[in-house]
A.B. asks: 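If you scroll down you'll find the structure; I have some questions about it.
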Amino acid sequence: MQIVTVSKGPFDGQKPGTSGLRKKTRVFMEPGYLECFVQSVFNAIGGAQGKSFVVGGDGRFFNKDAIQTILRMAAANGAARVIVGQGGLLSTPAVSNLIRQRGTDGGLVLSASHNPGGIDADFGIKYNIANGGPAPENITAGIFEQTQTITSYATLDTADADLGSTGTAQIGDMEVEIVDPVTDYQALMETLFDFDKIKALFASGFTMRFDAMHAVTGPYAKAILQERLGAPEGTVINAVPSEDFGKGHPDPNPVWAKTLMDEMMSDTAPDFGAASDGDGDRNMIVGRGVYVTPSDSLALLAANAHLAPGYKGGLAGVARSMPTSGASDRVAEKLGINSFETPTGWKFFGNLLDAGKATLCGEESAGTGSDHVREKDGLWAVLLWLNILAETGKSVAEMLNDHWAEFGRNYYSRHDYEAVPTEAANAVMDHVTGQLSSLPGTTAAGAEVSSADSFSYHDPVDGSVSENQGLRIGFASGGRAVLRLSGTGTEGATLRVYLEQYAAPGEDHGLDAETALSQVRAALLQIADLQNLIGRVDPDVKT
Ligand code: G1P
Ligand code: ZN
């Protein structure tokens, strides 16, 4: 074993954010950088001696090198066993599943999710715990503490392990098991969904396009949708994971999955369209001529999940992140089940899922999942949609219209202001925070404010409190605006503005979202004084 001394931790004091540590790839490639993080993880969990881990990533540039580094370090730290995806590939939900199925002590996910990949783009690493979910705040805080004081890391001087074929290999005294990335995940999906029914749907001529965005879900989608469920060849596009995601952003939203969106809005659109992100945990759902917002998707899945075998007994509850629209709350209310509002970040769902208080979870940022793993799961959401469409025989547009007629519609849009100077972004947050107590009862741009607060979350399972999780402004008209700073950006600050307007059953559900949200937006712009404080009112990205 080799102990490498580092003069000081190479970290600049930035805490791992909403989902692990994300930096420019070149930063991760600096000697000792990745190593210090990995050693800090091992130190923070009381050492790796005798433990087992799952390791895999989304295939982006530096993925394979990082895995070799981690394997050597795990062996030097005395780990007993590491399970790795063949070729270094594992989607984030597949890592979560393997941790749970194999009962490992935890896992390391290598990904910067939907951020671009490449030597001049982004890389990331995240530690997941034994329940399969992202490490909770007490553990990430411990990792951060270690990164501040670390002076050395342990590694072995060995050749690279061959990750190209499945089987077992040995590094020092540690066993490395290389598994097919898809097999265990597919087996789990078979237990949740009626594959025969979905197969019959495809056999009846139902058409679909799945855009894997040159990212990790390609092999999963091809195996499950085409090979197992009989969807024709060509259903899955951009199916080969590439190190730079075909030079695109592997972010499944109408902006970055524009080719798919254009096809779905055209005269020759298939019945159903979907996309997933870099590491396979996000999803986008589109019907012929109609985009489904992630918030609506969560609500609709909650209302219909019982149609799939894995959820036929009903749901214990539905949890959504605070900025996600209230659409799922209305479903939970009608079903008489729990509903939860949590801070942004999947890790906050873990306790609710472990305690059996929630079955389905979702975020407005294209994340949906359930208690089958402890990560959001893109392909799972697509399969649940397919199962529901197969059972109801309805089109996506019919499903949505029927849903709105029953529950009302929550018009919704997120506006992102990217690369805002950190000071200016903080000034906006301070400016609004300073007004919170005086806003209720006042009128902004013709909209009466009914409530305003800074969101804090009291975890009902472990009693922990997370403060300052975003600013919420409610309007008497049934509108809501939310402001928060992104925890995943890698350049300056990203200010996120979330706009929502409820239209009850019987009201007009046919407006375009921009029109329906115009009053809430005008009020928010006035209250937050964006023009003055950041010098612009138009966002970079609207989703
Ligand atoms: C974003 C999303 C959030 C998601 C996270 C990780 O975080 O908004 O819902 O959990 O990515 O995928 P943010 O940049 O807003 O902190
Ligand atoms: Zn992701």
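Counting starts at 1 for both ligands and their atoms, following the listed order. Predicted model only: the values in this text are computed from it and were never measured.
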A.B. asks: Indicate yes or no: does an N/O atom of Arg282 lie under 3.5 Å from an N/O atom of ligand 1?
C.D. replies: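 Yes - when backbone and side-chain N and O of Arg282 are compared with those of ligand 1, one distance drops under 3.5 Å.
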
A.B. asks: Does any N or O of ligand 1 fall below 3.5 Å from an N or O anywhere on Lys376, backbone included?
C.D. replies: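 Yes, since at least one N or O of Lys376 sits under 3.5 Å from an N or O of ligand 1.
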
A.B. asks: May I ask you to check whether Phe62 and Phe28 place their ring centers less than 6.0 Å from one another?
C.D. replies: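 Between Phe28 and Phe62, which both carry aromatic rings, the centre distance is not below 6.0 Å.
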
A.B. asks: Give a yes/no verdict on whether any heavy atom in Gly367 is under 4.0 Å from an atom of ligand 1.
C.D. replies: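 No.
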
A.B. asks: Please name the pair of heavy atoms, one in Thr324 and one in Gly362, separated by the smallest distance, quoted to 0.1 Å.
C.D. replies: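 Scanning both residues completely, I find the closest heavy atoms to be OG1-O, 3.8 Å.
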
A.B. asks: Run the contact test for Arg414 against ligand 1 with a 4.0 Å cut-off on heavy atoms, strictly below, and give the result.
C.D. replies: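 True for this residue.
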
A.B. asks: Determine the sole option in Arg282, Arg100, Lys347, Lys126 for which the salt bridge (charged side-chain N to carboxylate O under 4.0 Å, His left out) test with Glu375 is passed.
C.D. replies: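 Of all the options given, the one that passes is Lys126.
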
A.B. asks: For ligand 1, which is the ligand I care about here, please tell me if Gly487 has any N or O atom under 3.5 Å from one of the ligand's N or O atoms.
C.D. replies: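 Among all N and O atoms of Gly487, at least one is under 3.5 Å from an N or O of ligand 1.
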
A.B. asks: Carefully, step by step, assess Glu363 and Arg320 under the rule salt bridge (charged side-chain N to carboxylate O under 4.0 Å, His left out).
C.D. replies: CA-CA 6 Å; Glu363 295 193 279; Arg320 64 164 173 89; over 6 Å; no

A.B. asks: When you measure from the side chain of Arg60 to the backbone of Asp122, do you find a donor-acceptor pair of N or O atoms at a distance under 3.5 Å?
C.D. replies: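 Yes: the side chain of Arg60 pairs with the backbone of Asp122.
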
A.B. asks: How would you list, by chain and number, every residue that makes a salt bridge (Lys or Arg N to Asp or Glu O under 4.0 Å) with Arg330, sequence neighbours excluded?
C.D. replies: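 By the salt bridge (Lys or Arg N to Asp or Glu O under 4.0 Å) rule, Arg330 matches no residue at all.
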
A.B. asks: Answer yes or no: is there a donor N or O on one side and an acceptor on the other, between the side chain of Glu500 and the main chain of Asn410, under 3.5 Å?
C.D. replies: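 Such a contact is absent between Glu500 side chain and Asn410 backbone.
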
A.B. asks: Taking Ala121's backbone N and O only, do any of them form a donor-acceptor pair with Thr25's side chain (distance below 3.5 Å, no angle check)?
C.D. replies: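 Confirmed, Thr25 side chain pairs with Ala121 backbone.
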
A.B. asks: Just by modelled atom types, is the Val292 backbone N or O under 3.5 Å from a matching donor or acceptor in the Asp296 side chain?
C.D. replies: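 Judged by distance alone, no pair lies under 3.5 Å.
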
A.B. asks: Please list, in chain and residue-number order, the protein N/O/S atoms closer than 2.8 Å to the Zn ion (ligand 2).
C.D. replies: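 The answer, once waters are left aside, is Ser113 OG, Asp277 OD2, Asp279 OD1, Asp281 OD1.
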
A.B. asks: Which atoms of ligand 1 have any heavy atom of Arg496 under 4.0 Å away?
C.D. replies: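 Listed by number with element: 8 (O), 13 (P), 14 (O), 15 (O).
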
A.B. asks: Taking C-beta and beyond as the side chain, do Arg26 and Ile119 meet within less than 4.5 Å on heavy atoms?
C.D. replies: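 In contact.
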
A.B. asks: What do you reckon, does Glu363 have a nitrogen or oxygen under 3.5 Å from a nitrogen or oxygen of ligand 1?
C.D. replies: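 Among all N and O atoms of Glu363, at least one is under 3.5 Å from an N or O of ligand 1.
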
A.B. asks: Taking both backbone and side-chain atoms of Ser486, is any N or O found less than 3.5 Å from an N or O belonging to ligand 1?
C.D. replies: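 It does: an N or O of Ser486 is found under 3.5 Å from an N or O of ligand 1.
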
A.B. asks: If you measure every N or O of Ser113 against every N or O of ligand 1, does any of those distances drop under 3.5 Å?
C.D. replies: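 Such a contact does not occur with ligand 1.
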
